[in-house]
Peer 1: 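The structure follows.
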There are 2 protein chains.
Amino acid sequence: MNESEFLAGYDPRMYPAVAVTVDVVALTIRGGGLRVLLIRRGEQPHAGLWALPGGFIRPGEDLPQAAARELAEETGLSGLGDRVHIEQLASYGTPDRDPRMRVVSISYLAFAPDLPDPRAGTDAADAAWHPVDKLPELAFDHDRILAHGLERARGKLEYTPLATAFAGETFTISELRGVYETVWGVPLHAGNFHRKILSVPGFVESTGETTESGGVRGGPRAKLYRAGDARLLHPALLRPAREEQIR
Amino acid sequence: MNESEFLAGYDPRMYPAVAVTVDVVALTIRGGGLRVLLIRRGEQPHAGLWALPGGFIRPGEDLPQAAARELAEETGLSGLGDRVHIEQLASYGTPDRDPRMRVVSISYLAFAPDLPDPRAGTDAADAAWHPVDKLPELAFDHDRILAHGLERARGKLEYTPLATAFAGETFTISELRGVYETVWGVPLHAGNFHRKILSVPGFVESTGETTESGGVRGGPRAKLYRAGDARLLHPALLRPAREEQIR
DNA sequence: AATGTTATTCTCATACTGAGATTGTCTCAG
DNA sequence: CTGAGACAATCTCAGTATGAGAATAACATT
């Protein structure tokens, strides 16, 4: 039997039925804090609970494509293509994680600059940006997925220029520092941060411009920068050591 | 309709059939080089080609459990529990990656110290450790998965004590350096490496013992160490900067 | 005009890194 | 048995990075 004969006689139903979904941890910075996009489930199971945007993959649809579609579809946010960074996070397949059937979920992590309020899509009764430090009860094992996504995002800030994806087209060093402080949840030394950012090759490049005016509470006009061409930060920008995480 | 009524009437077949597999990138150090475990496929499709060990998940089986089972089953290597580190790598779901049907594969990365030759299991016509720098043609998109696994392994050596998982119960600093040099593929400065390893808290701890004799080509007896209790290396042991990867 | 805020730049002490050299122990070839 | 070479372990030294604090100056608000 050669390969084409084999394929002609192949019956997909000989393998156990598993559903595959994608779930998206979409993060943004709003109102001074880190927020995650959640939808209120309009259907069973877990109707009424908040959940990550996501759903079943479609035939012929690639995984990242499904993640982007779910994000756009369930939130009404469209045309995200340019501004949103999206990457695979992890997969979850504990047998009883969905009461309906065996569901394996591939999670994706998305970062975006301050985005408008979402509007509810078809499956979602409601959609909103929730502060990550004040979360409602989540459906399925989405609390675990979200925790994983947050940790990944915090880590990626260290060695990639991802922070610029949370900022606008142009930004000041202070705004960039605000991104780090918000995502990491720690205050950073302004002077050292400034020195560090400018010393990492390719992280930011100057636009030659400054802000139109000083800050609302005073201070000089800040120089404006845009994202540089580096894909990795070298040397990395490390978080203050967390002794408890080492052992 | 409440949740239990909903579940009672739920029909899993309303969703498109997708098969879920796990594939394992199992790495070890043998014969002075980094090697990956490959099996020669005994069945269609891609019969005769080499592939990563893996297969369909079973009902009621968790993902990591499936990965461990496939590794043991298709290679004859059993009782791996204690000595093998295993972690999730990534998922692959391009629609046409398997000619039979839609297959989503969750890949796992496994590290182990020098292991014995595998013996072929049921599905595998043959199984062997292949040097990662001299690979045969691989089935499906396994070349991509393997490349991903190698990159992950190289990165994890930097900030986790993973290298000790490639060494035996006790090891010398030089042996540990050999692990880094083999996986990273670069020579390291012996003196600096030695200083660095001993300065990272919890990476290794002394056994008080030394090797029975000097090296085969001379040199004093080396002190023996065992893995310490650190889970993260701080400060990290960074690879020499690779300029081309930064931009 | 005084006061407070903030961007930016410095200083300085400490820590870490890469490169090279030194010391002393061991194996192997003759 | 001896000399040559290999190698573990330690040290030196210069260059670079980091943390903490301070100084300077431009701006806002009162």
Peer 1: Calculate, to the nearest 0.5 Å, the distance between atoms CG and CH2 belonging to A/Leu237 and A/Trp184 respectively.
Peer 2: 5.5 Å
Peer 1: Using a distance-only test with no angle check, is there a side-chain donor-acceptor pair under 3.5 angstrom linking A/Ser105 and A/Asp23?
Peer 2: yes
Peer 1: State whether B/Arg239 and B/Glu151 are salt-bridged, where the test is any N-O pair (Lys NZ or Arg NE/NH1/NH2 against Asp/Glu carboxylate O) under 4.0 Å.
Peer 2: yes
Peer 1: For A/Tyr92, check ring pair (Phe, Tyr, Trp, His ring centres under 6.0 Å) against everything at least two apart and list the hits.
Peer 2: none
Peer 1: Which value, rounded to the nearest 0.5 Å, describes the distance between B/Asp143 atom CG and B/Glu137 atom CD?
Peer 2: 8.5 Å
Peer 1: Indicate whether OP1 or OP2 belonging to C/dT9 is found under 4.0 Å from a side-chain N or O atom of A/Lys223.
Peer 2: yes
Peer 1: Against B/Leu52, only a single residue in B/Val24, B/Val36, B/Leu71 fulfils side-chain contact (heavy atoms from CB on, under 4.5 Å); can you say which?
Peer 2: B/Val36
Peer 1: Taking atom P of C/dA7 as reference, at what distance in whole Å does atom CG of A/Leu188 sit?
Peer 2: 13 Å
Peer 1: With distance as the sole criterion, is a donor-acceptor pair present between the side chains of B/Ser91 and A/Ser91 under 3.5 Å?
Peer 2: yes
Peer 1: For A/Tyr159, give me all partners under ring pair (Phe, Tyr, Trp, His ring centres under 6.0 Å), at least two apart in sequence or on another chain.
Peer 2: none
Peer 1: Each nucleotide in nucleotides 18-27 of chain C should get exactly one letter: B, S or -. Can you fill that in based on protein heavy atoms under 4.0 Å?
Peer 2: BBB---BBBS
Peer 1: Measure from NE2 on A/His194 to C1' on C/dT6 and round the result to the nearest Å.
Peer 2: 11 Å
Peer 1: Could you tell me which residues satisfy ring pair (Phe, Tyr, Trp, His ring centres under 6.0 Å) with A/His130, sequence neighbours excluded, listed by chain and number?
Peer 2: A/Trp50
Peer 1: Going 5' to 3' along DNA chain D, which are the first and last nucleotides with any atom under 4.0 Å from a heavy atom of chain B?
Peer 2: D/dG5 to D/dT12
Peer 1: Is the distance between the ring centroids of B/Phe171 and B/Tyr225 less than 6.0 Å?
Peer 2: no
Peer 1: Could you check which residues of residues 173-185 of chain A get a heavy atom under 4.0 Å from DNA chain C? Sort them by number, please.
Peer 2: A/Ser174, A/Arg177
